[in-house]
Amino acid sequence: MTRVRTVLFDRDSILAEDPFDPERMWPAAGAREALGMLRLHGVRTGFVALQPGIGLGRLSDADVRAVNHRVDGLLGPFDIWGVCPHGPEDGCHCRPPEPGLILWAAGRVCTAPADCAVVGTAADAEAAARVGAHGILVPDERTRPEDTARAGHVAPDLPTAVRALLTGPPKGRVLVDERPIEEAFDNGDA
């Protein structure tokens, strides 16, 4: 069984609420606990973000860096941050479901794609699958039913996705873990 060594998260759909204003941003439900579990077990963490506003001139690089620094300050430290500045019509290789951003991030932390997991949207999960990484969809109000049906792995929330990854790569399509969060922090060193 391959151990997951790095987990990448979709910044805007998974880690942060109100991710466009660093002053009003707060961590998404379960984000601190999930990241804490990974770090406790020596798993590297990172986040990726689609920022088409850069390419359209609505956001500056400094705006995006300010948001990234805020996320890192609230939930970090992260081992890697990645940003795709392109719009859907730009045809870039880094915008999910294309896997370029995942490959770049994995390379920056010296982790093979097979040893990575990506937790995020349906497009993130598809990009992960294209390069042999483990993708987990955590649906939100924007997730279409057909995306959920097509996903290889689905978790109802971020802590459940992370608990599944800590036991190795995901094994089932729908991941369910009803343990209290405190049990997830038990690393057996008692």
Evaluate V162 against E33 for side-chain contact (heavy atoms from CB on, under 4.5 Å), listing each step before the verdict. CA-CA 9 Å; V162 166; E33 295 86 353; over 6 Å; no
Hits for salt bridge (Lys or Arg N to Asp or Glu O under 4.0 Å) against D63, two or more places apart or cross-chain, chain-then-number order -> none
Nearest heavy-atom pair of V154 and I136: which atoms, and what distance? C-CG2, 4.5 Å
Measuring only between side-chain heavy atoms, which start at C-beta, is L75 closer than 4.5 Å to F9? no
Do you know which two heavy atoms are closest between T45 and P77, and how far apart they sit? OG1-O, 3.9 Å
Does V138 belong to the same Ile/Leu/Val/Met/Phe/Trp/Tyr cluster as L165, with side-chain heavy atoms less than 4.5 Å apart forming each link? yes
In the structure I gave you, are the side-chain heavy atoms of Q51 and V67 within less than 4.5 Å of one another anywhere? no
Just say parallel, tilted or perpendicular for the rings of W81 and F47, cut-offs at 30° and 60°. parallel
Taking all atoms of both residues into account, what is the closest heavy-atom pair of V4 and C116, and its distance? CG1-C, 4.3 Å
Mind checking side chain to side chain contact (heavy atoms under 4.5 Å, CB included) for A62 and listing every partner two or more places apart, or none if nothing turns up? S60, R65
Scan residues 82-96 for pairs that pass side chain to side chain donor-acceptor pair (under 3.5 Å), counting only residues two or more places apart or in two chains. none
Is any side-chain heavy atom of F78 less than 4.5 Å from a side-chain heavy atom of R39? yes
Are V83 and L103 grouped together when hydrophobic residues (ILVMFWY) are joined by side-chain heavy atoms under 4.5 angstrom apart? no
Could you check whether any side-chain heavy atom of I102 comes within less than 4.5 Å of a side-chain heavy atom of V48, counting everything from C-beta outward? no
Mind checking the CZ-CG spacing from R32 to L35? Nearest 0.5 Å is all I need. 10.0 Å
Please check this pair: side chain of R108 against backbone of I80, looking for a donor-acceptor N/O pair closer than 3.5 Å. no
Would you compute the distance between atom CG of D157 and atom CG of D140 and round it to the nearest 0.5 angstrom? 13.0 Å
When every non-hydrogen atom of C94 is compared with those of L101, the smallest separation belongs to O-CB, 3.2 Å
Student check: side-chain heavy atoms of L166 and V43 closer than 4.5 Å: yes
What are the two closest non-hydrogen atoms of A34 and L158, and how far apart are they? CB-CG, 3.7 Å
Calculate, to the nearest 0.5 Å, the distance between atoms OG1 and CZ belonging to T148 and R150 respectively. 9.5 Å
H134 side chain to D115 main-chain N or O, any donor-acceptor pair under 3.5 Å? no
Sub-4.5 Å side-chain heavy-atom contact between V119 and V7: yes
Just to verify, what does R144 make a salt bridge (Lys or Arg N to Asp or Glu O under 4.0 Å) with, not counting sequence neighbours? E146, D147
Does D79 reach the side chain of T6, with side-chain heavy atoms less than 4.5 Å apart? no
Please report the shortest heavy-atom distance between A122 and L137, naming the atom on each side. N-CD1, 3.4 Å
L74 versus L15: any side-chain heavy-atom pair under 4.5 Å? no
Among all residues two or more places apart in sequence or in another chain, which pass the side chain to side chain contact (heavy atoms under 4.5 Å, CB included) test with R58? L56
Pairs flagged by side chain to side chain donor-acceptor pair (under 3.5 Å) wherever residues 117-133 is involved - sequence neighbours left out: E98-R130, T121-D124, E126-R130
